Amino acid sequence: MAKPLRIALAGLGTVGAGVIRLIETNASLIARRAGRTIEITAVSARDRHKDRGIDLSGYAWEDDMTAMAARDDVDAVVELVGGADGPALTLARNAIAHGKSLVTANKAMIAHHGLELAALSEQARVALKFEAAVAGGIPVIKGLREGAAANAIERLYGILNGTCNFILSTMEDTGRDFADVLAEAQAKGYAEADPGFDIEGTDAAHKLAILSAIAFGTRIDFASVETAGIARILAADIAQADALGYVIRLIGIAETDAADGTNRLFQRVQPYLVPFDHPLAHVDGATNAVVAEGNFSGRLLFQGAGAGDGPTASAVVADLIDIARGDLGGEAGAPFSIQVAEMEAMPPAPSGHRLGRAYIRFVVADRPGVLAEITAAMRDAGVSIESLIQKGRAETEGDVLVVMVTHEGPESGVREALRLLDGSASLKEAPLVMQILGD
Ligand code: NAP
Ligand code: HSE
């Protein structure tokens with residue numbers, strides 16, 4: 001058998017500890033599949049004395065994780081610390097500069113610095129791999145980069161954040177409140193160190209921007225992802241959506257748009273109403289699912305555990321097995337499927353002309369004339385109302401929820417109606433708009 005692949009592991013939290021457990025548990029199977037063993041040489045985290053439930057005595061400890069990149073007894077560095085910048089980025093740059101392959105689960109770093117790191121890895125002819133950064137244990141990057149490589153991808157969409165999906169589907173099943181379910185997602189190791197990244201949609205936007213680059217051959221454009229999170233969704237919205245035949249899911253969508261004759265890219269992460277009979281409506285818990293529509297493959301569906309120690313470790317170690325097998329990158333191993341120098345910068349597509357149906361929820365004062373005011377704004381903006389429901393009392397005394405579903409029309413119409421209502425004393429808070437997911 002060939003020489004072992006010697007790795008250094010930075011970050012020993014949920015994912016890092018999972019990687020050690022996996023490598024130790026499946027050592028002989030991994031060696032047979034990779035053609036050589038994978039051996040951990042050095043590890044690093046913030047607190048050397050923390051009990052992590054794993055025995056680290058066989059591995060060298062580095063207080064300064066960035067120093068691991070320079071060790072002669074390390075072939076590949078695994079970064080499982082997190083954060084777009086800071087020590088994770090320093091380690092990543094150092095590792096590549098020292099001719100080491102890099103494996104990371106850090107979607108924030110790849111969304112912000114992935115092109116720089118990919119260009120460095122292409123020049124250094126080392127691997128840069130980040131399967132675990134998107135959709136946990138699902139091999140969606142491998143699926144797009146390798147399995148679907150022959151296709152032009154026209155549209156890509158799905159559920160990209162396990163924490164949000166766990167929160168929404170658990171609230172739906174149990175009626176428990178948001179904060180309580182978020183705490184459970186954190187305890188299970190699904191959430192980011194700052195869970196704001198999950199519930200505000202940023203984490204899903206990081207992942208969408210990475211997938212877009214691979215699927216469409218475009219330069220990563222995280223800043224152009226239209227992003228909204230789930231924090232404003234009330235139990236009443238979930239109940240109302242259910243009564244109308246929908247579940248609420250945080251969905252990421254990316255697609256090409258040439259409406260004005262220029263090839264643009266539309267990217268959005270937002271909560272959507274998903275019809276009961278849509279495959280994504282049945283994706284519960286921390287599961288993720290990604291649909292990619294290829295021009296020859298047709299619709300591909302990738303589904304599986306999107307967060308947590310085991311599934312994420314599975315993706316990290318799969319990348320290490322690729323490296324152990326000799327997939328070291330270089331010209332044939334572009335991390336984003338196309339060499340960085342060949343990637344196009346696609347301008348962002350606006351969303352106003354997109355056709356769709358919308359769910360709009362208002363919290364309004366319970367007094368005569370309010371519904372007339374709202375419907376007048378819809379009329380003046382040319383928005384056609386499919387149904388309008390005023391139900392029960394809202395959570396604030398004296399206010400009520402009004403829920404409206406529109407007929408299909410341009411998104412700009414709803415925006416114009418809300419602009420007309422802006423500042424109205426009848427509205428107790430900004431309306432919540434969620435698009436309804438089509439086919
Ligand atoms: P975590 O449990 O918070 O672990 C982070 C680890 O990094 C800890 O061991 C921590 O040390 C160490 N660390 C943090 N800051 C450090 C610093 N300045 N210097 C040295 N060590 C530092 O995070 P995680 O959930 O494992 O996530 C790690 C990465 O995987 C992140 O990029 C995350 O986005 C990504 N990811 C996570 C999941 C998931 O389900 N959790 C899934 C996919 C991708 P101490 O333990 O000593 O505090
Ligand atoms: N916090 C992320 C999620 C981890 O909940 O999806 C997996 O990337």
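Quantities reported herein were computed from a predicted structural model and do not represent experimental measurements. First listed ligand is number 1; within each ligand, the first listed atom is number 1. Along the sequence shown, residues are numbered consecutively beginning with 1.
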Numbering the atoms of ligand 1 from 1, which are under 4.0 Å from a heavy atom of [X]?
X	result
Glu192	33 (C), 34 (O)
Ala132	43 (C), 44 (C)
Ala307	40 (O)
Thr312	38 (C), 40 (O), 42 (C), 43 (C), 44 (C)
Leu12	6 (C), 8 (C), 9 (O)
Gly82	31 (C), 32 (O)

Atom indices of ligand 2, in the order listed, that fall short of 4.0 Å to a heavy atom of [X]:
X	value
Glu192	1 (N), 2 (C), 4 (C)
Lys107	2 (C), 4 (C), 7 (C), 8 (O)
Ala191	1 (N)
Asn161	2 (C), 3 (C), 5 (O), 6 (O)
Lys207	2 (C), 3 (C), 6 (O), 7 (C), 8 (O)
Tyr190	1 (N), 2 (C), 3 (C), 4 (C), 5 (O)

Nearest heavy-atom neighbours spanning [X] and [Y]:
X	Y	result
Thr227	Ala205	OG1-CB, 3.7 Å
Thr287	Asn165	O-ND2, 3.6 Å
Thr104	Ile110	CG2-CD1, 3.9 Å
Glu226	Ser351	OE2-OG, 2.8 Å

Should we count [atom1] of [X] as having more than 12 external heavy atoms under 6.0 Å?
X	atom1	answer
Phe197	CZ	no
Asn295	CG	yes
Arg176	CZ	yes

N or O pair under 3.5 Å between [X] and ligand 1:
X	result
Gly13	yes
Lys50	yes
Gly308	yes
Asp309	no
Ala191	no
Met65	no

Any sub-3.5 Å donor-acceptor pair from Ser314's side-chain atoms to Gly137's backbone N or O? no

Problem - Thr41 (side chain) donor-acceptor with Asp73 (main chain) under 3.5 angstrom - result: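 Yes, Thr41 side chain to Asp73 backbone: donor-acceptor pair under 3.5 Å.
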
Return the closest protein heavy atom for [atom] as residue, atom name and distance.
atom	answer
atom 5 (C) of ligand 1	Val81 O, 3.7 Å
atom 17 (C) of ligand 1	Arg46 CG, 3.9 Å
atom 28 (C) of ligand 1	Leu80 O, 3.3 Å
atom 18 (N) of ligand 1	Pro87 CG, 3.5 Å
atom 39 (C) of ligand 1	Gly189 O, 3.6 Å
atom 38 (C) of ligand 1	Val15 CG2, 3.7 Å
atom 44 (C) of ligand 1	Ala105 O, 3.3 Å
atom 12 (C) of ligand 1	Gly11 CA, 4.1 Å

Restricting to heavy atoms, the pick from Gly162, Gly306, Gly136, Ala133 nearest atom 7 (C) of ligand 2 would be Gly306

Practice problem: Under 4.0 Å, heavy atoms only, figure out whether ligand 1 is touched by the backbone of Ala88, its side chain, both or neither. | Solution: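 Neither part.
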
Within the 4.0 Å heavy-atom cut-off, what Met109 brings close to ligand 1 is neither

d(Leu265 CG, Phe216 CZ) to nearest 0.5 Å is 6.0 Å

*Is atom 23 (O) of ligand 1 less than 4.0 angstrom from some protein heavy atom?*
no

**Study point:** Ion pair check, Asp203 and Lys107, cut-off under 4.0 Å
**Key:** yes

> Any salt bridge between Arg249 and Asp284, counting N to O under 4.0 Å?
Replying inline: yes

Check: Asp198 N/O within less than 3.5 Å of ligand 2 N/O:
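Such a contact does occur with ligand 2.
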
Taking the side chain as everything from C-beta on, heavy atoms only, tell me whether [X] gets closer than 4.5 Å to [Y].
X	Y	result
Glu131	Arg145	no
Phe130	Val103	no
His98	Val74	no

Exactly one candidate in Asn106, Val316, Asp309 meets side-chain contact (heavy atoms from CB on, under 4.5 Å) with Val15; the answer is Val316

Any heavy atom of Asp203 under 4.0 Å from ligand 2? The part involved is side chain

- Heavy-atom gap Gly136 to ligand 1 smaller than 4.0 Å: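 It does not; every heavy atom stays at 4.0 Å or beyond.
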
Can you find a non-hydrogen atom of Arg52 under 4.0 Å from ligand 1?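 Checking ligand 1 against Arg52, which is what was asked, there is a heavy-atom contact under 4.0 Å.
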
Checklist entry - Considering the options Arg354, Gln267, Arg268, which one meets the side-chain hydrogen bond (donor to acceptor under 3.5 Å, both in side chains) requirement together with Glu255? => result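 So, applying the side-chain hydrogen bond (donor to acceptor under 3.5 Å, both in side chains) to Glu255 and each of Arg354, Gln267, Arg268, only Arg354 qualifies.
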
